[in-house]
There are 2 protein chains.
Amino acid sequence: MNITIADPQPHTMAQVLKEILLFPANGAGICPVRDVLDRIGDKWSLLIILNLGAEENLRFNELRRRVAGISQRMLTVTLRNLEADGLVDRTVYAEVPPRVEYRLTDLGHSLTGVVIGLTNWATAHTPAIAAARARFAG
Amino acid sequence: MNITIADPQPHTMAQVLKEILLFPANGAGICPVRDVLDRIGDKWSLLIILNLGAEENLRFNELRRRVAGISQRMLTVTLRNLEADGLVDRTVYAEVPPRVEYRLTDLGHSLTGVVIGLTNWATAHTPAIAAARARFAG
DNA sequence: CTGAATCCGAAACGATACTG
DNA sequence: CAGTATCGTTTCGGATTCAG
């Protein structure tokens, strides 16, 4: 199955965007785009989702190793937020030493498609952005 | 034309994510995902791109009105960054009073597909997230 | 109209030390 | 192993003021 994002014809694309912007939530108080960015737009959420999506489940320190550079504190904080948002499930096993497994919920899995789209765009256009920055700076 | 994001079968999705994570940039210094988030993951970039994508071009104060709540400073700052990244084009007309038009570049337009995907996910699952938060808090 | 410059409070993040 | 608690730094963004 393929997922259709949008028709690439410029004027049709513009039409889709207009409809999005006409959505009642926009202009008023809360906007869905803002909302989702407030949750996954931080420094670590997306990388955690990416890694959890690649495996059935991961333990705390396994995840810590995979998400290079994250501090223990930020891993804990970010995981708690993702759990609160219903994107991640946390399972504690009453063992010694303790074992805690994290896995994506169905809601979390539903995000991975979007994440992949974002990642593909990023990898494809990072060189163009770098070139633009160099041009702008020079 | 349709854009294929991914096969929705869980194990295949996991495979796609694994390949993404194996990409040389990850684990090393710079990661494309992190890179794109550093640029459009802030408070206003995505909303500006959304609005510019809906029109041919927009003047500074037109944009200011549409992006509800943005301060003059942040509109300027964000537009400069988007311009530096090659996502937005800025055209100054030597008139009095001055007129400045902003429009998406081709690179900017290429992002709108991703943005639409993100927005669709957001609008579809915002209620589920809200419910999860309520559950978590209670 | 479209900015630039400055100031300041809030929030995000990292480092470190400690715990069941 | 998987956290919690505290602290200090940095970054972000809003308000305000001034200018071409």
Side-chain angles (χ1 to χ4, degrees), chain A residues 29-31 33-49 51-52 55 57-85 88-103 136-137, chain B residues 29-31 33-49 51-52 55 57-85 88-103 133 136:
Chain A
I30 303 161
C31 160
V33 189
R34 162 62 40 73
D35 214 50
V36 69
L37 269 190
D38 282 349
R39 303 179 187 290
I40 63 155
D42 65 1
K43 196 170 180 183
W44 301 109
S45 291
L46 223 49
L47 288 177
I48 290 175
I49 290 171
N51 278 276
L52 286 179
E55 306 290 339
N57 60 71
L58 287 173
R59 297 179 59 174
F60 186 86
N61 278 335
E62 263 181 299
L63 202 44
R64 187 153 156 49
R65 274 188 295 276
R66 287 168 191 244
V67 182
I70 195 170
S71 67
Q72 192 180 42
R73 169 187 146 79
M74 287 316 294
L75 182 54
T76 302
V77 169
T78 307
L79 281 171
R80 287 294 174 282
N81 287 335
L82 293 174
E83 191 191 355
D85 291 342
V88 164
D89 238 19
R90 178 172 178 268
T91 309
V92 183
Y93 295 90
E95 303 172 356
V96 181
R99 178 163 59 101
V100 180
E101 285 181 357
Y102 293 93
R103 74 176 64 230
F136 192 81
Chain B
I30 303 163
C31 160
V33 189
R34 162 63 39 72
D35 214 50
V36 69
L37 268 190
D38 281 350
R39 301 177 189 294
I40 63 155
D42 64 0
K43 195 169 179 183
W44 300 110
S45 291
L46 222 49
L47 288 176
I48 290 176
I49 290 171
N51 277 275
L52 286 179
E55 306 289 340
N57 59 71
L58 287 173
R59 297 181 58 177
F60 187 84
N61 279 336
E62 264 180 299
L63 202 45
R64 187 153 155 51
R65 276 187 295 275
R66 286 168 191 243
V67 182
I70 195 171
S71 68
Q72 191 179 48
R73 171 185 144 78
M74 287 317 294
L75 182 54
T76 303
V77 169
T78 308
L79 280 171
R80 285 296 173 281
N81 286 336
L82 293 174
E83 191 191 356
D85 291 341
V88 163
D89 238 18
R90 177 172 179 268
T91 310
V92 183
Y93 295 91
E95 304 174 357
V96 180
R99 180 163 59 101
V100 180
E101 285 181 357
Y102 293 92
R103 75 178 62 231
R133 288 206 84 91
F136 193 81

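Convention: sequence-line order gives letters A, B, ...; per-chain numbering from 1.
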TODO: Could you name each residue pair satisfying salt bridge (Lys or Arg N to Asp or Glu O under 4.0 Å) that touches residues 38-48 of chain B, not counting sequence neighbours?
DONE: Asp35(B)-Arg39(B), Arg39(B)-Asp85(B)
Task: For atom CD of Glu101(A) and atom C1' of dG3(D), their distance in whole Å - done: 16 Å
Task: Those residues that, when tested against Glu83(A), pass salt bridge (Lys or Arg N to Asp or Glu O under 4.0 Å) (two or more places apart) - done: none
Open item on the list: Looking at every heavy atom in both Asn51(B) and Leu58(B), which two are closest together, and how far apart are they?
Closed with: O-CD1, 3.8 Å
Open item on the list: Looking only at the side chain of Val100(A) (C-beta and beyond, no hydrogens), which of the listed nucleotides dG14(D), dC1(D), dG3(D) gets closest?
Closed with: dG3(D)
TODO: Using five base pairs at each end, measure the axis-to-axis angle across the helix from dC1(C)-dG20(D) to dG20(C)-dC1(D) and round it to 10 degrees.
DONE: 40°
Open item on the list: Please tell me if Tyr102(A) has a side-chain N or O lying less than 4.0 Å from either OP1 or OP2 of dG3(D).
Closed with: yes
Polar pairs (N or O, both sides) under 3.5 Å between protein and nucleotides 4-11 of chain D?
| residue | atom | partner | partner atom | Å |
| --- | --- | --- | --- | --- |
| dT4(D) | O4 | Gln72(A) | OE1 | 3.3 |

TODO: For Leu79(A) and dC1(D), give me the distance from atom CG to atom P, rounded to whole Å.
DONE: 16 Å
TODO: Check whether any side-chain N or O of Arg64(B) sits under 3.5 Å from a backbone N or O of Ile70(B) as a donor-acceptor pair, and report yes or no.
DONE: yes
Task: For Asn81(B), side chain to side chain contact (heavy atoms under 4.5 Å, CB included) partners two or more places apart - done: Val77(B)
Task: Spacing between Leu63(A) atom CG and dG3(D) atom C1', to the nearest angstrom - done: 14 Å
- [ ] Take atom CZ of Arg64(B) and atom P of dG14(D), then tell me their distance rounded to the nearest Å.
- [x] 11 Å
Open item on the list: What I'd like to find out is whether the side chain of Glu55(A) reaches to under 4.5 Å of the side chain of Arg66(A), using heavy atoms alone.
Closed with: yes
TODO: Please state how far atom CE in Met74(B) lies from atom P in dC12(D), giving the value in whole angstrom units.
DONE: 9 Å
Task: Minimal non-hydrogen separation, Ser45(A) against Ile40(A), with atom names - done: CB-CA, 3.8 Å
Task: Atom pair CG (Leu52(B)) and CG (Leu79(B)), whose distance is rounded to the nearest 0.5 Å - done: 7.0 Å
- [ ] Report yes if some heavy atom in the side chain of Asn57(B) is under 4.5 Å from a heavy atom in the side chain of Thr91(B); otherwise report no.
- [x] no
TODO: Compare all side-chain heavy atoms of Leu47(A) with those of Leu37(B) and state whether any distance is below 4.5 angstrom.
DONE: no
Which donor-acceptor pairs under 3.5 Å do the side chains of residues 95-102 of chain B make with protein atoms, sequence neighbours left out?
| residue | atom | partner | partner atom | Å |
| --- | --- | --- | --- | --- |
| Glu95(B) | OE1 | Arg99(B) | NE | 3.3 |
| Glu95(B) | OE2 | Arg99(B) | NH2 | 2.9 |
| Arg99(B) | NH1 | Glu101(B) | OE2 | 2.9 |
| Glu101(B) | OE1 | Tyr93(B) | OH | 3.3 |
| Tyr102(B) | OH | Arg80(B) | NH1 | 3.4 |
| Tyr102(B) | OH | Arg90(B) | NE | 3.2 |

TODO: Tell me, please, the opening and closing nucleotides of DNA chain C, 5' to 3', among those with an atom under 4.0 angstrom from a non-hydrogen atom of chain B.
DONE: dC1(C) to dT6(C)
Open item on the list: Judged by each residue's nearest nucleotide on DNA chain C, which is more toward the 5′ side, Pro98(A) or Arg65(B)?
Closed with: Arg65(B)
- [ ] Please report, rounded to the nearest Å, how far the C1' atom of dG14(D) is from the NZ atom of Lys43(B).
- [x] 8 Å
